A.B. asks: 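The structure under discussion is supplied below as structure tokens; questions concerning it will follow.
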2 protein chains.
Amino acid sequence: MRLSPAMEDYLKVIGQMEQEGRRVTTQALAQRLKVKPPSVTGMLKKLTRLHLIRYSPYGSVELTEAGRKAALEVLRHHRLIELYLREALGLPLHRLDEEADRLEHALSEELEDAIAAALGHPTRDPHGHPIPTKDGQIEQPDDFHLTDAEHGVGFVIVRVSDRDGELLKYLESLGLVPEAVVTVVRRDPFGGPLWVQVADKTHPLGLEAAQHIFVRHLSDLEDRKESGVTASSAAPKRVRRKVASLPSADLPDPL
Amino acid sequence: MRLSPAMEDYLKVIGQMEQEGRRVTTQALAQRLKVKPPSVTGMLKKLTRLHLIRYSPYGSVELTEAGRKAALEVLRHHRLIELYLREALGLPLHRLDEEADRLEHALSEELEDAIAAALGHPTRDPHGHPIPTKDGQIEQPDDFHLTDAEHGVGFVIVRVSDRDGELLKYLESLGLVPEAVVTVVRRDPFGGPLWVQVADKTHPLGLEAAQHIFVRHLSDLEDRKESGVTASSAAPKRVRRKVASLPSADLPDPL
DNA sequence: TCCCTCTTTTAGGCATCCCTAATTATAAAC
DNA sequence: GTTTATAATTAGGGATGCCTAAAAGAGGGA
């Protein structure tokens, strides 16, 4: 049975939240999907009937094996499209998520394969997120928040959150993109900014922004790889590879 | 106001039928859109309310200026996508229409522009159909049915219908694609096949198939132009240019 | 334990777009 | 001018997926 775009969206988001180690609640889903809670309840019931999630009223939500597979497929579509739009058509980083959200539901298997092949079967999207494989494997990120990074030492940005286009535009303007090398110079007290050095410039960075940046130790061994795109126009390269699994924390700091 | 995918589909088809000089009836629309006639009536009313078409019950249908603009925009999306899928991703001719039908509704203006630029602002899709310009101009075809072509003389295929994937696959296998040079050797009587010569081989071609092929005189002056695609994989080139307008006839031959 | 708050669900609707069955218009044939 | 076939419309429903308002559950604090 063919899933509707709405169902795909729900599954994708549920999958992402599980991945991030967050509890999947009605409200959280409503927020992420820009929908009201009653709509979520309705869809959760439908997905339960289809055995794509496990869920009981007032309880929390969990993907079944079938649901996980479907969710990863959508996520694969989404991330392949993002990378393709970036590499082949030169779209700016902060426009990718929105475009991919619309296109991901219209992608056939055949086209997915063609795109993956054109990109050289990449493993990371332009934000640094791992792209699930066709058979439903996804690399577990082993990075941590920039806010948790030791001061005075170089780190490499592995991924940035793609949820907020404006934030991305801002980070991009500072050069805070995947693969950039950053050093946290110091952190001002009382929720003050992080002073981060990137490309020989130091910028104050609000904690909220910093929380959307994930880094790894510069010293970690990397196997670099190019993405092998056919057509390209002004796009940075990607890095990365798997090491281990470790869900990242989730801290909604006030001011 | 944002048009729904269904509305876009209706407008696109109405526009195409007007273009082909055919009367736009409820039934014809139902057939083309794979929908039942009552559904068409309902949608026609809605489009009338939105001033996208002019229509009165039991009468026939006509695009308004706003409707024509919307229809051409969808058609532009459709044909740009077809060409892009062919040129950049190497999809086979007979898969293009179906893929584009799904993608055309998810294409932003920005992405449309990026694709058009990547293709070098092309004027023809892979089936040889003219691509409307961004400001709503569309070239009037000045070609005619292969069935009307003089015997023993060379013609160049300008466009083939894209409606039937199976037919396209067949035509492709015979080399009957846009830009191929064909000669009608003879036509057997009583609805018998056309014997067409293409690339030194002569094939019998049923009238039904032949009706989906449109040609021009070889002697007509052409300004050839490449399509300027960034990435390409095994695709034929395009030809063509405008000369005049002349709606093509429409003859549903019995055997 | 009871209350209060916050979350979630139920109830009831609306818009979109499709369907089948039944009715009405149109137009061609006698 | 009827009759009759065909085309188109109305009537009535169903599935999706969203909404608001109201009710119900869950959990913490006194």
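Remember, it's a predicted structure, so these values are computed and weren't measured experimentally. Each chain gets a letter, A, B and so on, in the order its sequence line appears, and its residues count up from 1.
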A.B. asks: Would you indicate, yes or no, if D/dC18 has its OP1 or OP2 atom less than 4.0 angstrom from a side-chain nitrogen or oxygen of A/S39?
C.D. replies: no

A.B. asks: Between B/Y10 and C/dC18, is there a side-chain N or O to OP1/OP2 distance below 4.0 Å?
C.D. replies: yes

A.B. asks: Think B/K36 has a side-chain N or O under 4.0 angstrom from the OP1 or OP2 of C/dA21?
C.D. replies: no

A.B. asks: Do the side-chain N or O atoms of A/K46 get closer than 4.0 angstrom to the phosphate oxygens (OP1, OP2) of D/dA15?
C.D. replies: no

A.B. asks: Under 4.0 Å, counting only non-hydrogen atoms across every strand here, what does B/V40 touch: a base, just sugar-phosphate, or nothing?
C.D. replies: nothing

A.B. asks: I'd like to know whether A/R76 forms a salt bridge (charged side-chain N to carboxylate O under 4.0 Å, His left out) with A/E104, so could you lay out the CA-CA distance, the side-chain angles of the two residues, the decisive distance to 0.1 Å, and finally the verdict.
C.D. replies: CA-CA 9 Å; A/R76 175 172 166 83; A/E104 67 193 11; over 6 Å; no

A.B. asks: What integer distance in Å separates A/L11:CG from D/dG17:P?
C.D. replies: 11 Å

A.B. asks: Across the strands shown, which category fits A/P38 at heavy-atom distances under 4.0 angstrom: base, sugar-phosphate, nothing?
C.D. replies: base

A.B. asks: If you assign A/R49 and A/P57 each to the DNA chain D nucleotide with the nearest heavy atom, which residue ends up on the more 5' nucleotide?
C.D. replies: A/R49

A.B. asks: Is A/T41 close enough to C/dT10 that one of its side-chain N or O atoms is under 4.0 Å from OP1 or OP2 there?
C.D. replies: no

A.B. asks: Among D/dA8, C/dT7, C/dC17, find the nucleotide with the atom closest to the side chain of B/Y58.
C.D. replies: D/dA8

A.B. asks: Name the closest nucleotide to the A/S4 side chain, picking from C/dC19, C/dT9, D/dT16.
C.D. replies: D/dT16

A.B. asks: Consider the side chain of A/M7, meaning its heavy atoms from C-beta on, and name the nucleotide among D/dG17, D/dA7, D/dT9 that approaches it most closely.
C.D. replies: D/dG17

A.B. asks: Which part of the nucleic acid, if any, lies within contact of A/P37, taking any heavy atom under 4.0 Å across all strands shown: a base, the sugar-phosphate backbone alone, or nothing?
C.D. replies: base

A.B. asks: For A/D125, which of A/R86, A/R79, A/R159 qualifies under salt bridge (Lys or Arg N to Asp or Glu O under 4.0 Å)?
C.D. replies: A/R79

A.B. asks: Could you check which of C/dT9, D/dC18, C/dT8 has an atom nearest any side-chain atom of A/T25?
C.D. replies: C/dT8

A.B. asks: Should the heavy atoms of other residues, nucleotides or ligands under 6.0 Å from CD of A/E208 be counted, would the total exceed 12?
C.D. replies: no

